[in-house]
Amino acid sequence: MYLELPPKVSRILTVLQSHGYEAFAVGGCVRDAVLGREPDDWDITTSARPQEVKALFLHTVDTGLAHGTVTVLLGRDGYEVTTYRIDGEYEDCRHPSGVVFSSNLEEDLRRRDFTINAMAYNREQGLVDIFGGMEDLQRKQIRCVGEARERFLEDALRILRAVRFSAQLGFSVETATKEALRELAGNLKFVSAERIQTELVKLLLSPHPDFIMMLFELNIDRVILPEIREQEEARECLEEIAHSLCLVPADRFLRLALFLRPLGERQAYQVLRRLKFDNHTTGIVRRLIRWYGCELKAEPAAVRRAAAKIGSGLFPMVLKLQDTYRDVSKVQEIWNEIVREQHCISLKTLQISGNDLIGLGMKPGQAVGDMLDALFQDVLENPEHNTKEYLMKCADEMLRKPMQ
Ligand code: ATP
Ligand code: MG
């Protein structure tokens, strides 16, 4: 089998080989190249020890020397070059107690999680596929390298990776692998929130986000999403949620919001915190859940008012969410027009500022804010009023009016 390697990957392989070492592209990049998908990154495995790799390339970074990984920098691109290794005993379902370098490719492939991730390739030897990865790619199935139970016992994250790859590729999980998944799902409690978060997001952003149902079928939710399991209402609408996930673009905010919405804003927030999501993501998802069900009248002033309240960044996302359960085409059209016409829907683009009002003689303070807000409300109703001239005149008149 011939696979096209990026020129820089070929260069690294050639340099290593011409110094007497073995070197292959390995893992996810080989899988993706065989499938005709663009690999995210190209990893290289070699018989050379980290210090030997470092000696051969001008620019390297010690990414994980203890695990045998050196990043080789060529121009702006970095490639992880890892020495063949055997992982030591796994003590706590997550980390090998140590790694031993090896000079045998087969041993390196054997430590990898799934057969489709355990293939290596270089031009000279072609595809090295010892565990039947090609066959599983053709059968469209995820299968562990070796004994599934053992592999999940070594590293419980693989449980979640199996579901994630299945969703990314649209593959099924082979029977023995699935049985082991179900049996050992509880061990995910040993895995850090950050690693769970990464896999969950990849699953949600995959072409088959509805495969999220597997988490519930295999009892994985009990450990990573107990909040959903405990809330009957949320459990009841899972199928509907899974379906709706397929109706929105692969955007982390939209898909997280749809997925966690049945929990309600507060509990969704707690889940996001527990899974160590960053503040930005947490804030946006929380607000999306808040506005998911809000009423939106298909009428220009009402749409401007809603967009002003929700925020112009979030508003189109709320439309995409509502599009999963009702017809929002009219509101969408109105919104497009508002954007096209650049109607003012935020104080930031109001053509009058607090300083202008102070220039008219107002004292800094609450009254300035109230006046700005009154003018803004008027502009939301009548976008054509958003000119400095009009608003100054209007403010001036209001200031002259005797207090009632
Ligand atoms: P992605 O498209 O997400 O990058 P990938 O297959 O490249 O998918 P990585 O996490 O980048 O996944 O890992 C690269 C390779 O390292 C995998 O293909 C697999 O061979 C191996 N690997 C990664 N994580 C594990 C693990 N937890 N257990 C065993 N092997 C693993
Ligand atoms: Mg990768």
Side-chain angles (χ1 to χ4, degrees), residues 3 5-6 9 24-46 63-64 67-69 71 77-97 99 102 105-121 127-134 136-137 142-171 177 180-181 184 187-188 190-192 194-208 211 250 252:
L3 295 177
L5 298 176
V9 174
F24 294 84
V26 71
C29 58
V30 176
R31 175 200 68 220
D32 288 344
V34 170
L35 289 171
R37 295 155 51 107
E38 182 75 30
D40 282 340
D41 39 37
W42 289 81
D43 296 325
I44 290 157
T45 189
T46 178
T63 312
H67 294 96
T69 304
T71 299
D77 301 315
Y79 298 89
E80 287 197 354
V81 179
T82 304
T83 306
Y84 292 165
R85 63 176 221 222
I86 307 170
D87 292 338
E89 287 288 305
Y90 281 77
E91 290 168 334
D92 50 4
C93 301
R94 350 167 231 195
H95 298 302
S97 51
V99 304
S102 160
L105 173 64
E106 178 171 344
E107 287 179 329
D108 183 79
L109 295 178
R110 191 180 294 283
R111 73 173 171 87
R112 295 171 186 272
D113 47 7
F114 306 112
T115 58
I116 59 168
N117 288 346
M119 296 187 285
Y121 178 87
L127 191 74
V128 181
D129 175 20
I130 300 168
F131 303 103
M134 270 308 276
D136 285 331
L137 278 183
I142 309 292
R143 182 164 63 92
C144 283
V145 173
E147 186 62 45
R149 266 188 101 251
E150 264 172 44
R151 309 319 309 280
F152 292 135
L153 278 171
E154 286 169 355
D155 179 1
L157 183 72
R158 292 173 187 158
I159 295 169
L160 209 45
R161 281 173 63 90
V163 180
R164 183 261 280 195
F165 283 120
S166 146
Q168 282 182 324
L169 302 168
F171 283 17
T177 302
L181 274 180
L184 298 171
N187 283 356
L188 271 165
F190 298 115
V191 175
S192 73
E194 289 85 349
R195 294 176 88 197
I196 289 178
Q197 183 211 113
T198 306
E199 294 301 322
L200 190 64
V201 168
K202 286 186 177 178
L203 203 172
L204 280 171
L205 296 186
S206 73
H208 300 279
F211 280 36
R252 63 192 263 121

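Whatever order the structure lists them in is the order used to number ligands and atoms, beginning at 1. Computed from heavy atoms alone, side chains included, the values below leave out hydrogens, waters and symmetry copies.
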Name the atoms and distances for all side-chain donor-acceptor pairs under 3.5 Å in residues 24-44, with sequence neighbours left out.
unit_1, atom_1, unit_2, atom_2, d
R31, NH1, N117, OD1, 2.6
D32, OD1, R37, NE, 3.4

### Query
Contact residues of ligand 1 with a heavy-atom cut-off of under 4.0 Å?
G27, G28, R31, D40, D43, R111, R112, D113, N117, D155, R158, R161, R164, F165, K202
## Note on the structure
Separation between CG (D155) and CZ (R111), nearest 0.5 Å, reads 11.0 Å
### Pairwise side-chain contact, M119 with L109, heavy-atom cut-off 4.5 Å (strictly under)
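No. Closest side-chain heavy atoms not under 4.5 Å.
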### Task
Check whether any side-chain heavy atom of L153 lies under 4.5 Å from a side-chain heavy atom of L184, and answer yes or no.
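L153 reaches L184 side chain to side chain.
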### Message
If you apply the rule side-chain contact (heavy atoms from CB on, under 4.5 Å), what do you find for I116 with L169, and how did you get there?
### Response
CA-CA 11 Å; I116 59 168; L169 302 168; 3.6 Å; yes
### Query
Hey, mind stepping through Y84 and L105 against side-chain contact (heavy atoms from CB on, under 4.5 Å) and telling me if it holds?
CA-CA 6 Å; Y84 292 165; L105 173 64; 3.7 Å; yes
